[in-house]
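Chain A is the first sequence line, chain B the second, and so forth, proteins listed ahead of strands; every chain is numbered from 1. Hydrogens, waters and symmetry mates are skipped; everything else that's a heavy atom, side chains included, is used.
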2 protein chains.
Amino acid sequence: MDKRRTEKNDETSAKERPTLKTLAFMTGLGVTTVSRALKDAPEIGAETRRRVQLVAKQIGYRPNRAGVRLRTGKTNVISLVLNTEQEIMSFVSDIIYGVSEVIADTPYHLIVTPYSRSQDPLDPIRYLVETGSADGVIISRTQPNDARARYMLERGIPFATHGRTEMGLVHPYHDFDNYAFAAEAVRSLAGNGRRRLALLSPPVGLTYHSHTVNGFADALSEVGASEIPFSTVSIDHSIERIRTRTAQLMRRDIRPDGFVSSAAAATLALVAGIEDAGLKLGRDVDIVSKQSSDLLHLFRPELLIVNENFRLAGSELARAVLGWIGGAAPGSLQSLSVPGEVLAYRRSDGSS
Amino acid sequence: MDKRRTEKNDETSAKERPTLKTLAFMTGLGVTTVSRALKDAPEIGAETRRRVQLVAKQIGYRPNRAGVRLRTGKTNVISLVLNTEQEIMSFVSDIIYGVSEVIADTPYHLIVTPYSRSQDPLDPIRYLVETGSADGVIISRTQPNDARARYMLERGIPFATHGRTEMGLVHPYHDFDNYAFAAEAVRSLAGNGRRRLALLSPPVGLTYHSHTVNGFADALSEVGASEIPFSTVSIDHSIERIRTRTAQLMRRDIRPDGFVSSAAAATLALVAGIEDAGLKLGRDVDIVSKQSSDLLHLFRPELLIVNENFRLAGSELARAVLGWIGGAAPGSLQSLSVPGEVLAYRRSDGSS
DNA sequence: TTGGCAATCTGTAACGTTTCAGTATATTGC
DNA sequence: GCAATATACTGAAACGTTACAGATTGCCAA
């Protein structure tokens with residue numbers, strides 16, 4: 001049955017949530033006028049406008065989201081689409097906080113739309129678009145030819161990608177410059193006298209895999225070092241697998257004396273594998289690793305570290321989507337984060 | 001202006017999203033009948049019901065959330081309320097996935113409602129309740145006398161807490177048995193011959209702080225070991241602070257030979273502090289630590305580890321809220337997760 | 001005075017759904 | 001044969017909002 005209201009409505013000082021009708025009654029104006037006064041429409045008298053806004057603030061009026069959404073189609077929702085198995089753990093937490101920071105003083109809510117490894121990554125996007133569940137979407141694990149980006153571009157729904165695409169289509173993105181990261185990492189290792197380098201790369205298929213590989217390769221030839229192939233694993237693989245493969249690699253005659261690693265958790269496995277093979281970090285081998293939370297230096301002070309700020313990524317992505325929703329040109333909403341210096345907490349010569 | 005539809009509506013095979021009206025037109029029935037047929041109302045003929053449901057499935061009908069929400073007040077939203085600074089990182093990621101798993105085949109969406117350290121934790125709850133933004137709420141960092149739980153209980157909005165309260169009020173919760181954890185940890189340390197134990201505890205004020213402290217204290221007297229107070233830090237403090245305080249502590253004449261730590265990141269700092277003081281894990285001191293992702297053993301194989309599964313917590317909490325929304329008794333929606341064994345990857349005597 | 005025109009304000013309809021209060025038809029009881 | 005009663009369906013109203021198409025007023029030019 002209907003939720004019982006007190007008689008006809010209004011004027012009873014019921015504890016109900018105020019609506020435009022309530023405001024209209026209180027100000028003696030029409031609902032339409034109130035609606036327009038609240039959004040600073042031009043054809044409302046200055047005094048009326050102020051009066052309405054004052055009353056609205058006083059009684060704590062909040063527009064009903066369902067009403068707005070039904071009438072206008074605007075959801076005031078940003079959806080963050082995440083893979084429930086393969087995202088980097090700190091990524092999830094930090095990006096959420098980054099997005100939250102930006103949307104905190106907007107009417108937007110953040111909904112998390114998960115999909116699992118077995119699913120087509122397009123599934124959650126289709127769902128969102130078909131049901132009109134969000135005004136904007138943020139996706140990660142971006143591919144050079146990304147079906148999701150293409151799909152959303154076709155339907156005209158604003159989105160931003162974490163990572164770039166290579167489809168010749170323009171859309172907002174935020175990316176970390178993994179080319180620069182890998183290149184700097186190689187230079188840093190070369191500076192430590194390392195000559196045979198291996199790369200623990202991002203998973204094949206994602207755009208930043210090739211960025212990383214290219215930065216690695218280019219800097220390799222620049223410094224005249226050589227590559228020890230290590231493409232049987234990526235940072236997406238399990239800790240155990242990375243560890244055993246690393247140990248295998250390190251027991252070969254020709255083994256790396258330097259690693260570049262694209263993720264902190266993978267680096268733990270890398271180090272474990274190296275030590276399984278009886279070798280020592282900082283003496284037999286150096287590692288430059290990305291990290292997103294400041295913990296790796298506690299793990300092994302010999303690690304060389306480059307920070308990637310996922311909270312910043314979240315903020316940038318949120319700003320980008322909101323910008324697009326607000327009508328800005330998608331091409332103006334792209335940003336690239338430049339890696340900082342390679343940080344050494346303890347030099348491999350033993351000093352601190 | 002109004003979103004232009006093709007003429008009057010319907011029968012044009014427009015690419016618009018199907019509504020009840022569309023279904024009504026296609027089946028030749030009234031909107032009301034269609035609505036009821038879809039939700040298996042009793043007064044609809046069996047054949048009609050099947051016919052409507054078939055057509056609905058065929059054309060991919062999805063009820064409009066805004067319509068439902070406006071009419072019924074049901075949002076089909078669960079809100080996860082998180083502190084943007086103080087949550088354990090893996091907690092955020094895992095609990096989201098746990099919740100997602102459970103709500104995946106329901107109409108529910110998950111929204112993340114953040115609040116910052118400086119804010120009153122009640123703020124986001126008030127917002128949710130006042131704006132009717134969610135059918136159910138999940139909160140963490142639960143306190144013995146929790147204003148948020150009390151508030152929601154008063155307003156009759158379904159929620160579940162991660163951690164228990166002690167207000168004599170009954171509500172759904174999921175909790176890890178931190179009393180058992182701390183007690184088992186102490187027994188395990190005592191079994192390794194450790195006699196002077198310190199506790200790196202959860203932050204004072206949260207319910208599980210006292211659970212942990214009590215388990216620690218009770219087991220201490222049970223095994224006849226003594227406590228070295230270490231209450232100047234908790235796992236909420238910064239890595240740096242924990243590290244320096246630990247180092248200070250370990251340089252005292254009377255120092256612990258065993259630690260119980262309630263969080264993995266804090267354990268990293270703990271170990272760093274111990275090693276800063278020139279002591280060695282497994283020889284001078286043992287640590288039993290909780291962890292939520294399987295990484296600590298890579299950090300130091302000497303660590304003694306107890307796992308806490310946050311994904312499970314997320315699932316249980318989601319189940320609890322949904323259960324309450326569905327009309328189950330709040331008292332029947334409480335669960336306690338029992339810690340597993342203390343895991344040793346390498347015995348402190350040096351064997352593996 | 002009249003007509004025109006800004007400047008303000010207002011009622012109605014519509015978004016998609018569910019609930020209420022029916023209506024129409026067939027079935028039953030007597 | 002007729003009323004009572006199930007059974008199966010339906011239109012209208014309402015949730016809160018905004019867009020459209022007026023209303024009403026005052027003021028100014030002619």
Distance, rounded to the nearest Å, where [X] contributes [atom1] and [N] contributes [atom2]:
X       : N      : atom1 : atom2 : value
A:Leu70 : D:dA19 : CG    : P     : 13 Å
A:Lys39 : D:dG16 : NZ    : C1'   : 12 Å
B:Leu20 : D:dC15 : CG    : P     : 19 Å
B:Lys74 : C:dT17 : NZ    : P     : 15 Å
A:Ile44 : C:dA7  : CD1   : P     : 13 Å
A:Glu16 : D:dA14 : CD    : C1'   : 14 Å
B:Leu23 : D:dC9  : CG    : P     : 15 Å

Anything under 3.5 Å between a protein N or O and an N or O of nucleotides 11-13 of chain C, put it in a table, one pair a line.
{"residue": "C:dG11", "atom": "N7", "partner": "A:Thr32", "partner atom": "OG1", "Å": "3.2"}
{"residue": "C:dG11", "atom": "O6", "partner": "A:Thr32", "partner atom": "OG1", "Å": "2.6"}

ask   = So what does B:Gly28 hit on the nucleic acid, given a heavy-atom distance under 4.0 Å: a base, only sugar-phosphate, or nothing?
value = sugar-phosphate
request  = Scan A:Arg69 against the nucleic acid and name what it touches under 4.0 Å (heavy atoms): base, sugar-phosphate only, or nothing.
outcome  = nothing
Can you give me the N/O atom pairs linking the protein to nucleotides 4-7 of chain D at distances under 3.5 Å, or say none if there are none?
none

With [X] via salt bridge (Lys or Arg N to Asp or Glu O under 4.0 Å) - residues at least two apart:
X        : result
A:Glu43  : A:Arg36
B:Glu130 : none
B:Glu87  : none
B:Arg65  : none

inquiry  = Return the CD1 to CZ distance between B:Ile139 and B:Phe159, rounded to the nearest 0.5 Å.
reply    = 6.5 Å
Between [X] and [N], is there a side-chain N or O to OP1/OP2 distance below 4.0 Å?
X       : N      : value
B:Ser35 : C:dT17 : no
A:Lys21 : D:dG16 : no
B:Thr33 : D:dT10 : yes

ask   = Does any residue of residues 46-68 of chain A have a heavy atom under 4.0 Å from DNA chain C, and if so, which ones, in number order?
value = A:Thr48
task = Run through B:Thr75, B:Asp135, B:Val99 and flag the one making a side chain to side chain contact (heavy atoms under 4.5 Å, CB included) with B:Tyr108.
result = B:Asp135
ask   = Checking B:Arg150 side chain against B:Met167 main chain: does a donor-acceptor pair fall under 3.5 Å?
value = no
request  = Can you tell me which residue pairs pass the side-chain hydrogen bond (donor to acceptor under 3.5 Å, both in side chains) test with a partner in residues 45-56 of chain A, sequence neighbours excluded?
outcome  = A:Asp40-A:Gln53
task = Just grab all the side-chain hydrogen bond (donor to acceptor under 3.5 Å, both in side chains) pairs involving residues 23-34 of chain B, residues at least two apart or on different chains.
result = none
key: Any residue meeting ring pair (Phe, Tyr, Trp, His ring centres under 6.0 Å) with B:Tyr151, in chain and number order, not counting sequence neighbours   = none
Residues in ring pair (Phe, Tyr, Trp, His ring centres under 6.0 Å) contact with A:Tyr115, at least two apart in sequence or another chain = none
Which donor-acceptor pairs under 3.5 Å do the side chains of residues 317-336 of chain B make with protein atoms, sequence neighbours left out?
{"residue": "B:Ser332", "atom": "OG", "partner": "B:Ala329", "partner atom": "O", "Å": "2.6"}
{"residue": "B:Gln334", "atom": "NE2", "partner": "B:His171", "partner atom": "O", "Å": "2.8"}
{"residue": "B:Ser335", "atom": "OG", "partner": "B:His174", "partner atom": "ND1", "Å": "2.7"}
{"residue": "B:Ser335", "atom": "OG", "partner": "B:Glu316", "partner atom": "OE1", "Å": "3.3"}

